[in-house]
Amino acid sequence: MEKVTKRVIFIGMSLLLLAAIIILGIQHFDTNYQEKIVQGSNEDQKEHTSSKYPGVGIVTSTQDIDGILIHEKYPEFSHDHLDRSMKKLVKNHRKDFSEEVGKIKDLKKSKIKPYYHMYFDITPLGEHIYSIVMHTEKNYATANAEIHSQPFLVDVQNDRILQMKNLFSEEDYTELTTFVLKELKKDPEKGQYIFDEAYKDFLNQHHLAERLVLNSDGAEFLFEPYSVGARAAGTPSVKLSLEELALYFTDEAVKRLGVLANNDLLQKGKKAVLARQAPELPENMPKVVTNNPKAGKKVALTFDDGPHPENTPAIMQLLKEHQAKATFFMLGSTADFYPELIQQVVEAGHEVGSHSWNHPQLSLLDEASIKNEVDLTDNVFKEAIGYAPNTLRPPYGDYDDRVSQLIDKPLVLWSIDTLDWKSRDPQAILAQVQSQLHDGAIILMHDIHDETVSGTALVLDYLDEQGYECVTVSELFE
Ligand code: NI
């Protein structure tokens with residue numbers, strides 16, 4: 001062979017080898033991602049808390065896998081069968097997510113990172129029967145997230161998941177399907193986008209009970225986008241009272257409904273609303289704040305992602321001992337479980353802010369979803385303390401002009417990140433504050449972590465020594 005040909009072959013082979021190494025390397029990298037996603041958080045990264053509902057606890061976990069954010073919140077029941085079913089559900093969702101993430105090309109280069117959120121709504125329907133709707137939101141590095149809701153009933157005393165399907169009498173089911181279609185089409189705006197064919201296809205694959213949500217207002221058939229019509233139909237729904245729904249139930253289920261109708265747990269849930277006024281914000285508070293260096297020797301401690309039934313009161317106790325005030329940016333979906341805790345925070349003279357409903361990256365959401373995140377959270381506060389928070393901390397500090405225009409509250413960022421969620425170490429939390437302390441600083445912490453409580457104690461001592469006063473975020477701008 002000619003020398004030149006040999007050289008060309010050699011270079012060619014080398015390039016092929018290099019390409020193979022790169023491809024294998026990338027694949028290995030992706031498998032790693034997927035493994036981490038499927039594995040989920042370690043047990044010690046999970047927070048287990050109680051809730052206001054007897055027999056129902058909450059598990060929360062947040063994971064950041066190289067920018068892929070996974071936030072899960074699901075119920076636990078201290079009952080084998082229920083907990084196993086729940087864990088299976090959580091696991092399956094993660095598996096689906098990891099498989100789809102594995103299919104994304106150029107994930108490393110992608111500006112939008114995939115994310116996955118799981119959360120749930122719960123409504124008591126009897127002494128130990130709850131209606132639970134699990135929601136998932138999965139984003140695969142595109143502008144739109146896939147949203148999915150799955151309703152079911154649990155009986156926490158008998159360790160049973162009640163299949164809603166079994167509530168319906170077979171004879172009356174066809175009649176119910178006709179009724180629901182008729183109601184869907186009645187919607188003056190969206191009714192025209194409901195299609196008979198799509199509805200028929202849906203019924204071939206699903207039972208209507210899969211879309212049934214029972215709550216204190218009655219019953220609702222809630223369909224996912226595209227499932228029974230065009231995009232313009234949005235998430236179509238049909239609402240009816242429990243009495244109307246009972247027409248299609250078996251005798252046994254009607255008996256059960258009888259229990260539901262006289263359910264005083266539902267009444268107890270409706271707390272008397274305290275007649276309170278929202279505190280006024282200082283006039284010169286900017287639309288987006290990170291700190292206020294003109295504030296003199298004052299700082300604002302802020303606690304995100306709570307409230308937490310043990311840590312939030314523990315932090316409040318420390319604040320009291322130091323005559324310090326702080327701001328708590330609560331997640332609506334968490335605060336919803338602890339109305340009394342919201343009241344206690346406000347009564348102790350602290351400030352409450354919104355941290356959205358479910359901790360998404362707001363800049364990735366459409367207008368309606370952003371409004372929904374804000375409004376749902378506002379409502380939780382209005383019910384608990386009579387007013388909505390007047391500031392909002394965007395999750396991950398993520399916002400853009402559009403988000404800022406849509407949200408009619410100052411957006412509160414921070415100038416000192418204690419990285420408490422990462423270090424889980426009180427000394428490391430203190431070190432972050434020591435190295436960055438400045439006049440008018442806004443300090444970021446998270447009251448969902450146990451270590452942050454001890455960290456707060458150290459920080460408060462240090463701030464005292466340095467002659468700093470702890471005020472709320474809005475007081476920093478007075
Ligand atoms: Ni947060």
Side-chain angles (χ1 to χ4, degrees), residues 41 45-47 49 58-65 67-74 113-120 135 137 139 145 288-291 300-309 311-312 315 326-338 341-342 345 350-365 369-370 372-374 376-378 380-381 389 391-400 403-404 407 409-424 429 432 442-453 455-456 472-473:
S41 342
Q45 281 175 295
K46 286 183 190 163
E47 302 284 339
T49 57
I58 307 167
V59 183
T60 322
S61 94
T62 309
Q63 248 184 309
D64 179 345
I65 305 170
I68 300 177
L69 296 165
I70 300 180
H71 187 78
E72 284 171 329
K73 182 158 72 181
Y74 53 91
K113 291 285 181 201
Y115 66 83
Y116 164 45
H117 291 159
M118 166 181 263
Y119 59 103
F120 69 102
H135 303 279
E137 191 178 325
N139 182 295
V288 178
V289 305
T290 48
N291 61 3
L301 295 177
T302 63
F303 297 93
D304 287 14
D305 296 358
H308 185 284
N311 296 343
T312 308
I315 286 172
T327 307
F328 292 82
F329 290 99
M330 299 182 181
L331 283 176
S333 60
T334 303
D336 189 28
F337 288 93
Y338 309 107
L341 208 42
I342 309 178
V345 168
H350 304 299
E351 185 169 46
V352 284
S354 169
H355 196 34
S356 81
W357 175 258
N358 186 37
H359 216 272
Q361 275 178 272
L362 293 175
S363 70
L364 300 181
L365 301 186
S369 308
I370 294 173
N372 207 30
E373 286 281 335
V374 177
L376 281 175
T377 306
D378 281 358
V380 168
F381 282 92
T391 60
L392 181 139
R393 168 164 285 162
Y396 316 105
D398 167 68
Y399 75 99
D400 55 17
V403 170
S404 154
I407 299 177
K409 306 176 194 283
L411 302 181
V412 179
L413 306 176
W414 56 86
S415 58
I416 300 179
D417 187 348
T418 61
L419 299 173
D420 57 340
W421 60 275
K422 211 171 175 181
S423 72
R424 300 293 188 93
I429 294 169
Q432 289 292 343
I442 297 179
I443 302 173
L444 170 65
M445 292 194 268
H446 299 81
D447 51 338
I448 48 169
H449 305 306
D450 298 351
E451 298 83 355
T452 297
V453 179
T456 302
T472 65
V473 169

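The figures here come from the full heavy-atom set of this structure, side chains too, leaving out hydrogens, waters and symmetry mates. Order of appearance sets the numbers: ligands from 1, and atoms from 1 within every ligand.
Checking Y119 against E72 by side-chain atom types alone, no donor-acceptor pair falls below 3.5 Å. No hydrogens or angles considered: nothing links the side chains of T452 and H446 as a donor-acceptor pair under 3.5 Å. Residues H449 and N311 bring no donor and acceptor atom of their side chains to less than 3.5 Å of each other.
A donor-acceptor pair is defined here as one N or O able to donate and one able to accept, closer than 3.5 Å; no such pair exists between the side chain of D420 and the backbone of M445. A donor-acceptor contact shorter than 3.5 Å is absent between the side chain of K409 and the backbone of S354.
Closest approach of A326 and F303 over heavy atoms only: CB-CE1, 3.8 Å.
The tally of protein N/O/S atoms under 2.8 Å from the Ni ion (ligand 1) stands at 3.
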